[in-house]
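Below is one structure, written out as structure tokens; the observations come after it.
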Amino acid sequence: WTYEWRTNYRNSPTSSEYKIIAADRDTFSCRGRRNYQFTQWSDDLSLTVLNKPAAKLTASDTIIPAGGSVTLTCSVSGSDGWKFDLLRRQSVDHKDQFIRTNEPDGVFIISDEGVYSCRGGRGDPVFYTETSIKVIINEIGQLVPVLSVSPSWLNPGASVTLSCEGLEHQPAGWRFFWYKAVPDPSVSYYRFELLPGTSGTEQNFTINGPTHTAGFVCRAGRGEPVNYTDYSEPKFIWSADPRPAASLSVNPDRVQHFRSESVSLSCEGNSAEWRVKRFTETGKLSNFSNWGTINGSTCNITSYWFNSGVYWCESGSGEFSNAVNITVHDDDSAPLLLSPVHPVTEGDPVTLSCRDKKQQLLSNVFFYHNDELLDFGSRGELNISAVSKSDEGFYKCQHSGKDSPRSWMSVRGEEEENV
Ligand SMILES: *[C@@H]1O[C@H](CO)[C@@H](O)[C@H](O)[C@H]1NC(C)=O
Ligand SMILES: *[C@@H]1O[C@H](CO)[C@@H](O)[C@H](O)[C@H]1NC(C)=O
Ligand SMILES: *[C@@H]1O[C@H](CO)[C@@H](O)[C@H](O)[C@H]1NC(C)=O
Ligand SMILES: *[C@@H]1O[C@H](CO)[C@@H](O)[C@H](O)[C@H]1NC(C)=O
Ligand SMILES: *[C@@H]1O[C@H](CO)[C@@H](O)[C@H](O)[C@H]1NC(C)=O
């Protein structure tokens with residue numbers, strides 16, 4: 001037998017197998033021929049081609065540090081058997097050029113900046129996907145690691161792990177260096193002091209049982225003499241417990257405040273010179289300078305500059321105070337939860353209340369602990385006669401279908417008090 005093919009658009013070959021590049025919707029049928037006899041045409045077979053597949057290019061990082069590299073990965077989702085080509089445009093005046101072709105795993109390690117794109121191809125004759133979206137890779141001079149601390153609020157006696165991250169995609173061989181960030185009025189920032197015995201450690205560093213608020217930075221280095229990265233941004237571990245040497249209080253004394261209210265923060269302790277710092281929910285560290293007015297060690301915050309975050313004081317002699325959470329509430333029509341700023345001690349009585357903008361106690365209120373409704377009638381106050389560790393957690397109140405923000409209440413064991 002020889003064969004004959006009938007398709008929408010193509011001339012037909014004569015073999016029993018007919019290879020096509022799937023590109024459009026197509027209908028096929030075939031018939032056999034022997035001597036001068038023909039069979040009937042077969043039933044039509046319709047092929048529907050899904051969207052033309054596109055290649056996707058992802059980069060481990062869009063910045064190449066001096067002497068470093070980044071990994072680009074080209075992929076086509078939902079199907080396999082592809083080989084990948086990488087294109088690079090050196091600069092705007094240049095054309096896209098193929099710099100690698102037919103790579104089966106689609107992983108490219110590159111160390112030159114430029115505008116990269118890729119495509120996949122498979123089959124014979126080769127069918128190519130659409131070219132991917134372009135990815136811009138820039139070269140920079142200095143690497144900046146990112147420090148993370150966990151947990152960021154101290155539990156008395158527990159250890160804290162610092163991790164110096166962001167170099168995972170760089171060639172190996174880094175050693176890590178850890179510094180205490182000491183408030184320094186003469187530079188109105190921090191002075192970095194190498195922690196004893198931490199010159200060139202592993203990527204993670206554990207501090208056992210720290211007891212005060214403290215700031216840290218890290219950097220990495222390699223080679224001999226050592227080539228250092230830049231210092232990371234400072235990160236903090238916060239202690240909630242006020243100390244005689246340095247303490248911060250908030251007036252009115254509660255976590256939540258309406259933006260329209262006036263709030264003042266006071267630093268107290270063995271210093272004549274204080275600075276108030278905050279770390280906002282968006283991870284931004286700032287100094288109290290122009291967010292309000294200051295008189296001695298008390299500052300009044302102007303609503304425009306008031307933001308939710310963690311606040312603390314730093315003394316002229318380098319001491320850190322306890323830290324507090326402050327939540328700024330923008331919705332004047334929703335209730336406000338009044339909860340303690342400082343940790344409460346096991347066995348002590350605690351009252352949480354739910355108030356409106358004029359500080360009137362609301363009635364018909366529901367309180368939630370870790371998102372579970374508490375069954376305490378619906379008075380505007382929640383009285384706990386002797387608080388226990390299980391009362392720790394997030395609280396919020398609800399009035400007329402509107403929720404207050406939620407706030408954390410810390411509970412300290414009696415034995416932890418003097419740690
Ligand atoms: C380092 O710490 C980070 C964050 O705590 C953790 O995810 C990672 O597994 C740790 N790495 C090592 C090598 O211990
Ligand atoms: C330090 O970095 C520079 C610039 O990247 C490089 O030329 C030099 O080889 C590096 N030195 C070492 C010891 O790695
Ligand atoms: C501040 O809030 C966090 C949770 O967002 C909590 O872990 C921490 O203990 C709180 N600090 C104080 C002093 O309540
Ligand atoms: C600053 O504080 C002092 C002492 O508490 C007080 O006498 C003075 O009136 C305050 N000044 C302002 C502008 O509030
Ligand atoms: C801060 O606000 C309080 C109360 O409104 C006021 O008595 C005090 O004088 C203010 N202090 C400054 C420095 O503006």
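Counting starts at 1 for both ligands and their atoms, following the listed order. Side chains are part of it too, since the values below use all heavy atoms of this structure and drop only hydrogens, waters and symmetry mates. Because the structure is predicted, anything quoted here is derived from the model rather than measured.
Listed by chain and residue number, the protein contacts of ligand 1 are Ser163, Asn204 (heavy atom within 4.0 angstrom).
In this structure, SG on Cys218 lies 8.5 Å from CD on Glu165, to the nearest 0.5 angstrom. Of the inter-residue distances, the one linking Leu72 atom CG with Ile137 atom CD1 reads 5.0 Å to the nearest 0.5 angstrom.
Contact detail for Ser249 and Glu268: the closest heavy-atom pair is OG-OE2, 4.0 Å.
Close contacts of ligand 3 with Ser410, meaning ligand atoms under 4.0 Å from a residue heavy atom, involve 9 (O), 12 (C), 14 (O). Every atom of ligand 3 with a heavy atom of Ala240 under 4.0 Å away is listed here by number and element: 13 (C).
Remark: Arg191 engages Val182, Asp184, Glu193 in a side-chain contact (heavy atoms from CB on, under 4.5 Å) (not counting sequence neighbours).
Taking 4.5 Å as the limit, every side-chain heavy atom of Trp408 sits out of range of all side-chain heavy atoms of Val255.
Note: no N/O pair closer than 3.5 Å links Trp153 and ligand 3 by distance alone.
A side-chain N or O of Thr201 and one of Trp178 form a donor-acceptor pair less than 3.5 Å apart.
A distance below 6.0 Å separates the ring centres of Tyr228 and Phe177.
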